[in-house]
Amino acid sequence: MTTVSIPAGWPATEEQARAVQDELRERVVLDEPGPPPGTGRVTGVDVAYDDERDVVVAAAVVLDAVTHEVVAEATAVGRVSFPYVPGLLAFREIPTVMAALDALPCPPGLVVCDGYGLAHPRRFGLASHLGVLTGLPTIGVAKNPFTFSYEEPGVRRGSASPLLAGTDEVGRALRTQDGIKPVFVSVGHRVDLGNACAHTLALTPKYRLPETTRRADSLCRRALRQATS
DNA sequence: GCGACAG
DNA sequence: ATCTTGTCGC
């Protein structure tokens, strides 16, 4: 497992972090469809924390988009680089997540993040930020609607409804299993919303959350226990 | 001013 | 995110 330190010039205050978001937001690419769903490779990234020891562990797991078999995986350990502030999550997770992605032996393909992309107070969530810094196509799949509103989608898997910031559709509430709480999909970088939802459905044949997220989540928890004990 | 608020 | 075992249900 590789170790990372907090990057030089990393924001130290909320004001600095918001300024970085406002600047990097200009570089997000929203007019590409992205890789075709159900083909190539998809990578899940996630992090686990030990706030007592100020440690964060990130995992990146590459899956075959068709079989969902694990093609490669990597982990990285770092220091917590920012407190948790709603809207500034990326500053807490990105350095370690990027180190895990760098440690992969193969290209990640589409990256699926735990959280938001466009669905963000300044339209620049974790998935957008990671996409801009890596150049990779990214999407965000979150478990909660954050501050946004939506109407309950149909009860069947595949049903969706707009995730709204006022009248702007910033993402979609997507039902990935019959009768189960939807997930909240938004675009990150170089993928359109229709494809982001199609990828999410392709990754949820059995469970509410994408296989990518599930695999990355269990790996980073395992790695945290190992790094901590 | 107060409360809500991805992980 | 994290604290946390068994248990109810398909």
Side-chain angles (χ1 to χ4, degrees), chain A residues 11 14 17-18 20-21 24-25 28 44-61 75-98 100 111-132 138-150 155 157 163-166 168 170-174 176-189 193 196 200 205-210 212-229:
Chain A
E14 297 183 21
R18 290 190 194 95
V20 169
Q21 290 181 329
L24 292 183
R25 183 177 52 206
V28 175
V45 292
D46 195 17
V47 302
Y49 301 99
D50 182 338
D51 282 315
E52 292 295 302
R53 308 192 189 206
D54 204 39
V55 165
V56 52
V57 170
V61 180
T75 55
V77 215
R79 291 292 182 178
V80 173
S81 52
F82 210 84
Y84 172 66
V85 179
L88 300 178
L89 179 63
F91 296 93
R92 190 167 165 76
E93 309 199 336
I94 275 191
T96 317
V97 166
M98 285 185 69
V111 177
V112 180
C113 299
D114 213 359
Y116 287 115
L118 235 205
H120 177 273
R122 286 168 296 284
R123 304 295 180 271
F124 194 73
L126 171 64
S128 320
H129 201 145
L130 185 65
V132 165
T138 60
I139 67 172
V141 179
K143 300 184 267 315
N144 299 290
F146 201 10
T147 62
F148 303 103
S149 60
Y150 68 101
V155 68
R157 163 176 155 84
L163 185 63
L164 298 171
D168 294 342
V170 294
R172 223 161 260 170
L174 177 66
T176 56
Q177 296 298 322
D178 291 356
I180 299 296
K181 176 180 175 170
V183 297
F184 303 89
V185 178
S186 60
V187 154
H189 185 58
L193 185 54
T200 302
K206 186 166 164 51
Y207 299 102
R208 175 183 177 232
L209 297 179
T212 39
T213 301
R214 290 164 40 78
R215 301 309 267 269
D217 181 75
S218 71
L219 178 56
C220 69
R221 290 190 197 221
R222 237 180 301 140
L224 177 64
R225 290 171 55 178
Q226 178 204 314
T228 294
S229 62

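The basis for the numbers below is simple: all heavy atoms, side chains too, and nothing from hydrogens, waters or symmetry mates. Just so we're on the same page: letters track the sequence lines, and every chain starts at 1.
When rounded to the nearest whole Å, the span between CZ of A:Phe184 and C1' of B:dG7 equals 15 Å. We find that CG of A:Leu126 is positioned 13 Å from P of B:dA6, with the value rounded to whole Å. For the pair A:Asp217 CG and C:dA1 P, the interatomic distance rounds to 6 Å; values are reported in whole Å. Put simply, CZ on A:Arg18 is 13 Å from C1' on B:dC5, counting in whole angstrom units. When rounded to the nearest whole Å, the span between CZ of A:Phe146 and C1' of B:dG7 equals 10 Å. What separates NZ of A:Lys143 from P of B:dC5 is a distance of 15 Å, to the nearest Å. If you take CG of A:Asn144 and P of B:dC5, they are 9 Å apart, rounded to a whole angstrom. Computed from coordinates, the A:Asp54 CG to C:dT2 P distance equals 15 Å when rounded to whole Å.
The neighbour count for A:Arg225 CZ, taken as heavy atoms of other residues, nucleotides or ligands under 6.0 Å away, does not exceed 12. Residue-environment remark: CZ (A:Arg123) exceeds the threshold of 12 foreign heavy atoms within 6.0 Å.
Note on A:Gly87: a base of the nucleic acid sits closer than 4.0 angstrom, heavy atoms only. A:Tyr49 comes within 4.0 angstrom of sugar-phosphate atoms only, judged by non-hydrogen atoms across all strands, and of no base. Counting non-hydrogen atoms under 4.0 angstrom, A:Leu163 reaches nothing in the nucleic acid. Residue contacts for A:Asp46: at a heavy-atom cut-off of 4.0 Å it reaches the sugar-phosphate backbone alone, with no base atom in range.
Checking B:dG7, B:dC5, C:dT2 against the side-chain heavy atoms of A:Ala48 singles out C:dT2 as nearest. Listed nucleotides B:dA6, B:dG7, C:dT2 differ in distance to A:Glu93; the shortest reach to its side chain belongs to B:dG7. Considering only the side chain of A:Tyr116, B:dA6 comes nearest among B:dA6, C:dT2, B:dC5.
Classification of the A:Tyr150-A:Phe184 ring pair by plane angle, with boundaries at 30° and 60°, yields perpendicular. A tilted orientation is assigned to the rings of A:Phe82 and A:Phe91, their planes being inclined by 30° to 60°.
Salt-bridge annotation for A:Asp114 and A:Lys143: present, with a side-chain N of the basic residue lying under 4.0 Å from a carboxylate O of the acidic one.
Between A:Arg221 and C:dA1 there is a side-chain N or O to OP1 or OP2 distance below 4.0 Å.
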